Number of protein chains: 2
Amino acid sequence: MVSNKELQESRIRGYFIEATKETLKGEGLRAVNVRAVSERAGYSFATLYNYFKDLNELVFICVQDFMNECEGFTVGQSVNARPGKERLKARMKAYIGYFTQYPGIFELFYIERMNDLGARQPTARMIYEFTDRIIHDDLTHLIDNGDMNREQAELTGLNLKNSIAGLLLLFNNRLQPAEYLDFLAVADKQIDISLSLIK
Amino acid sequence: MVSNKELQESRIRGYFIEATKETLKGEGLRAVNVRAVSERAGYSFATLYNYFKDLNELVFICVQDFMNECEGFTVGQSVNARPGKERLKARMKAYIGYFTQYPGIFELFYIERMNDLGARQPTARMIYEFTDRIIHDDLTHLIDNGDMNREQAELTGLNLKNSIAGLLLLFNNRLQPAEYLDFLAVADKQIDISLSLIK
DNA sequence: ATAAATGGTGAACAATGTTAATATTTTTTA
DNA sequence: TAAAAAATATTAACATTGTTCACCATTTAT
């Protein structure tokens, strides 16, 4: 059971977390600063430090929430696709769509420096394994269906993880390709290459 | 012809650029700040602004130099490899080696925000096309040799570019895989997948 | 020799993260 | 219920970093 005190404390933490998430989605990571977030949460900037070790901790607490949201989105965008190659492709496209719609969240997942390395190691691993989780169902389905073997599935997953991270990095951070439509075409091609081990 | 004035000016710019490059290679991008670089160059921090628009401009001027260095390194590391698949693989490994040896340069190429977007567009394109340039010779060789067609070469290049960027991003920024030896093994696998369209 | 231009510098300001002392509110207790 | 104690929130202050500007020194031109 939770005491009143714990409940109240977790509510206030929630206000800060919500303010951070809104800022991240709206204005991006660079707009997230102690004063802006605290004002949005309805507190003075110093109050933040009564509930979080530092700004970095607060920011990385958002990762879990965004993961769930992103996973829900990709699954939702692929309900009508046939399990296997078709659904995997749909999910990858949704995944890419999510991170281009919210470049601030991409920054948070892949770019932002994790200052306190030891403490953030679990987060780093979580992020690393996040793509795997989204891919997992369909790769299993493809293996069970005899469309590829375990080895090929592993390689496909590795290639998807790396190439999509790179694709998003180059588009979000380097604006290459410069036009969104060109980017979508390249993304489409890239997914097809990654899935070419499937029978 | 260059006037005395131009020569002197370009020398001083060179001192700042050299100081920035040393800092980038040694302590990384986060150690690059106006006061540290200026002191290393032997001038006051304010002097920097007599020669460069801002710190960002100075930092991005280094890109060209590092590109040349990186290209020289990858070519040097692959002189004994047979042109085609073998040399391409050697070059990709050298490329990866360069950016893991100097994570600060990786940050500069792929991560660091380009503040003034319009002005930095050429740099962004240059970086985007840099990998292509390193890959180009061997892909051409493979096409001429009948080991793959033009379409397959394009896809291979795209996949290499994206997946290696992603691989480096995840290792340098998220420490995944956590051990360098594991990372090398993953990198090796990843290159093989990308090159699997070659006969 | 003096005036003008050039180049270099420190002072100063703004933004941001963070800490510590202070003020305020809530809770406890006599 | 009123005073004391505990908790919570806020303001003041400092450090770091990027940047601008007025000023000083030095060189160059007249």
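In what follows, every heavy atom counts, from backbone to side chain, and hydrogens, waters and symmetry copies are set aside. Since the structure is predicted, the reported quantities are computational estimates derived from the model, not experimental observations.
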Asker: When the distance from OH of A:Tyr15 to P of D:dT8 is rounded to whole Å, what number comes out?
Answerer: 15 Å
Asker: Just by distance, with hydrogens left out, do A:Thr156 and A:Gln152 show a side-chain donor and acceptor under 3.5 Å apart?
Answerer: no
Asker: Rounded off to whole Å, could you give me the CG-to-P distance for the B:Leu58 and D:dG18 pair?
Answerer: 11 Å
Asker: D:dT16 P sits how many Å from A:Asn115 CG, rounded?
Answerer: 16 Å
Asker: Round to the nearest Å and state the distance from A:Asn50 atom CG to D:dT11 atom C1'.
Answerer: 13 Å
Asker: At what distance, to the nearest 0.5 angstrom, does CD1 of B:Ile12 lie from CG of B:Asn50?
Answerer: 9.5 Å
Asker: Applying a 4.0 Å non-hydrogen cut-off, can you work out what B:Tyr51 is touching in the nucleic acid: base, sugar-phosphate, or nothing?
Answerer: sugar-phosphate
Asker: Would you confirm whether the ring centroid of A:Tyr98 sits within less than 6.0 angstrom of the ring centroid of A:Tyr102?
Answerer: yes
Asker: Considering only side-chain heavy atoms of A:Tyr49, which listed nucleotide, D:dG18, D:dT20, C:dT19, is closest?
Answerer: C:dT19
Asker: Between C:dG8, C:dA20, C:dG10, which nucleotide has the shortest distance from any of its atoms to the side chain of A:Ala46?
Answerer: C:dA20
Asker: Just N and O in the side chain of B:Ser44: are any of them under 4.0 Å from OP1 or OP2 of C:dG10?
Answerer: yes
Asker: Figure out the CZ/P separation between B:Arg35 and C:dA12, and round it to whole Å.
Answerer: 14 Å
Asker: Taking atom P of D:dT11 as reference, at what distance in whole Å does atom CZ of A:Phe45 sit?
Answerer: 8 Å
Asker: Reckon B:Val37 touches a base, only the sugar-phosphate, or nothing at all at heavy-atom distances under 4.0 Å?
Answerer: nothing
Asker: Atom CZ of A:Phe52 and atom C1' of C:dT18: how far apart are they, to the nearest Å?
Answerer: 16 Å
Asker: At under 4.0 Å between heavy atoms, what does B:Asn33 touch on the DNA or RNA strands: base, sugar-phosphate, or nothing?
Answerer: sugar-phosphate
Asker: Between D:dA9, D:dT19, C:dG17, spot the one nearest the side chain of B:Asp54, thanks.
Answerer: D:dT19
Asker: Which part of the nucleic acid does A:Ile12 contact within heavy-atom distance under 4.0 Å: base, sugar-phosphate only, or nothing?
Answerer: sugar-phosphate
Asker: B:Leu7 has an atom CG; how far is it from atom C1' of C:dT6, in whole Å?
Answerer: 17 Å
Asker: Using 0.5 Å steps for rounding, measure from the CD atom of B:Gln176 to the CD1 atom of A:Ile127.
Answerer: 9.0 Å
Asker: Is the distance between the ring centroids of A:Tyr43 and A:Tyr51 under 6.0 Å?
Answerer: no
